[in-house]
Amino acid sequence: MDKKVTSLYIVPTPIGNLSDITLRSLEVLRSVDGILAEDTRQSSLLLRHYQIQKPLQSFHSFNEHRAVNAIIERLSKGEILALVSDAGTPGISDPGFLLVRECVKAGLAVECLPGPTAFVPALIKSGLPCDRFVFEGFLPHKKGRQTALKRLAEEDRTIVLYESPMRLVKTLDQLREFFGPARTVSVSRELTKIYEETVTGSVEEVLAHFTAHEPRGEIVIIIDGKKD
Ligand code: SAM
């Protein structure tokens, strides 16, 4: 069967270090008819850095439901577009799923280029088992938070969470409550950036560290799975 021409490219972008973009991602961004971007201002900085000039259209969680039909129509007429988010891989705690689902339904070919995403380096450098893991993204802030924590406390695979610096200490405090103070946890912040830091230890130790040193920047939490 002949391979269909790709209509939509999902293009991962750096999570901090601008050099972390693949040659193929740059080729694709140079070749498409237009780029859908979570934040057009943020993406234009990256595109300017690589001297890429393309029409940009905003595509974010507040307009994706409204925008998706018109985009499918353009792709069906033969336009080729790329989707980028502010950082990392679109669809991973970022807009992307809805558009890809509609492309699949419409029989349009989607290609997702491999590239940066924050949880992979955090998981690998944690030293915790990475043969089986569960990605949970951001925990709910209010409703459903306690239920999620109770469920995850029983999980035997390594757990991956995204977190904001403002909420890190509160979350570690709740991990101590729900998972116990001895559970191993690894917090990676500012991956690929100047102030990259990974702190690994018991929940008690890591909580003490971030209580003494106010957390800043972007954060991934890796939690050891429950052991018998
Ligand atoms: N699409 C992205 C990906 O593929 O990882 C995730 C986008 S999500 C809106 C943003 C969250 O990813 C941040 O709050 C943080 O938890 C994590 N993150 C992004 N960049 C990071 C970095 N350089 N270091 C640590 N965590 C990062």
Side-chain angles (χ1 to χ4, degrees), residues 8-22 24-25 28-29 35-43 45-47 49 58-64 82-101 110-128 130 133-142 145 148-149 152 158-172 174-175 185-200 206 209-210 213-223:
L8 178 70
Y9 286 94
I10 307 298
V11 181
T13 55
I15 58 166
N17 186 325
L18 279 188
S19 301
D20 290 334
I21 189 155
T22 69
R24 186 156 165 246
S25 294
V28 164
L29 291 174
I35 299 173
L36 307 169
E38 189 184 8
D39 178 346
T40 51
R41 269 181 310 176
Q42 175 86 14
S43 298
L45 295 177
L46 179 80
L47 295 173
H49 182 81
S58 91
F59 185 81
H60 46 67
S61 46
F62 302 108
N63 75 356
E64 60 178 344
L83 173 67
V84 297
S85 62
D86 287 355
T89 303
I92 301 295
S93 296
D94 266 341
F97 158 68
L98 185 72
L99 180 57
V100 173
R101 185 183 66 186
V110 177
E111 204 161 331
C112 178
L113 305 190
T117 190
F119 76 86
V120 173
L123 173 65
I124 304 304
K125 75 193 291 218
S126 72
L128 292 169
C130 51
F133 63 90
V134 48
F135 176 78
E136 287 280 321
F138 292 96
L139 284 175
H141 293 177
K142 292 200 176 95
R145 188 173 172 93
L149 284 163
L152 290 174
T158 302
I159 301 155
V160 181
L161 300 178
Y162 280 171
E163 193 48 283
S164 84
M166 276 117 60
R167 226 171 270 111
L168 177 67
V169 168
K170 177 186 168 190
T171 298
L172 289 170
Q174 288 184 315
L175 293 184
V185 67
S186 177
V187 172
S188 279
R189 52 175 213 98
E190 296 290 81
L191 287 158
T192 79
K193 303 183 199 175
I194 301 174
Y195 297 108
E196 173 167 348
E197 177 191 38
T198 294
V199 181
T200 304
V206 177
H209 173 89
F210 284 108
H213 307 91
E214 190 190 337
R216 280 165 207 241
E218 302 198 273
I219 287 165
V220 183
I221 307 178
I222 309 292
I223 311 161

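We use all heavy atoms of the structure for the numbers below, so side chains are in, but hydrogens, waters and symmetry mates are not. Numbers here simply count residues along the sequence, with the first being 1. In each ligand, atom 1 is the first atom listed, and ligand 1 is the first ligand listed.
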For atom 4 (O) of ligand 1, the protein heavy atom that lies nearest, with its residue and separation: Thr117 OG1, 2.6 Å
Check: Pro116 main-chain N/O paired with Thr89 side-chain donor or acceptor under 3.5 Å: yes
Neighbour count >12 (heavy atoms, 6.0 Å) for atom CG, Leu45: yes
Min side-chain heavy-atom separation Tyr162-Ile92 under 4.5 Å: yes
Option set Asn17, Leu191, Val84, Asp94, criterion heavy-atom distance to atom 7 (C) of ligand 1, minimum: Asp94
Under 3.5 Å: N/O of Glu218 near N/O of ligand 1: yes
Polar side-chain atom of Glu190 near backbone of Glu218 as donor-acceptor pair, under 3.5 Å: yes
Shortest protein contact, atom 26 (N) of ligand 1 (heavy atom only): Val220 CG2, 3.4 Å
N/O separation below 3.5 Å, Gly88 to ligand 1: no
Atoms of ligand 1 close to Lys193 [distance to a heavy atom under 4.0 angstrom, numbered from 1]: 23 (N)
Numbering as shown, the atoms of ligand 1 that approach Thr89 to under 4.0 Å (heavy-atom distance): 1 (N), 3 (C), 4 (O)
Polar contact flag, side-chain donor to acceptor under 3.5 angstrom, Glu197-His209: yes
N/O separation below 3.5 Å, Arg189 to ligand 1: no
Which of the ligand 1 atoms, numbered from 1, are nearer than 4.0 Å to a heavy atom of Phe138: 8 (S), 11 (C), 14 (O)
CZ on Phe133 to CD1 on Ile124, rounded to 0.5 Å: 7.5 Å
Per-atom contacts, ligand 1 versus Glu163 - under 4.0 Å to a heavy atom: 14 (O), 16 (O)
Distance filter under 4.0 Å to Ile219 heavy atoms, resulting ligand 1 atoms: 15 (C), 16 (O), 25 (C), 26 (N)
Nearest-contact summary for atom 5 (O) of ligand 1 - protein heavy atom, Å: Tyr162 OH, 2.6 Å
Which residue and heavy atom of the protein sit nearest atom 8 (S) of ligand 1, plus the separation: Ser93 O, 3.5 Å
Main-chain N/O of Ile222 paired with Ser186 side-chain donor or acceptor, under 3.5 Å: no
Any side-chain donor near an acceptor of the partner, Ser58 and Arg41, under 3.5 Å: no
Atom CZ of Arg101: over 12 foreign heavy atoms under 6.0 Å: yes
Option nearest atom 2 (C) of ligand 1 (shortest heavy-atom distance, choices Pro14, Ala87, Ala118): Ala87
Pro165 backbone acceptor or donor facing Arg216 side chain under 3.5 Å: no
Identity and distance of the protein heavy atom lying nearest atom 6 (C) of ligand 1: Ile92 O, 3.3 Å
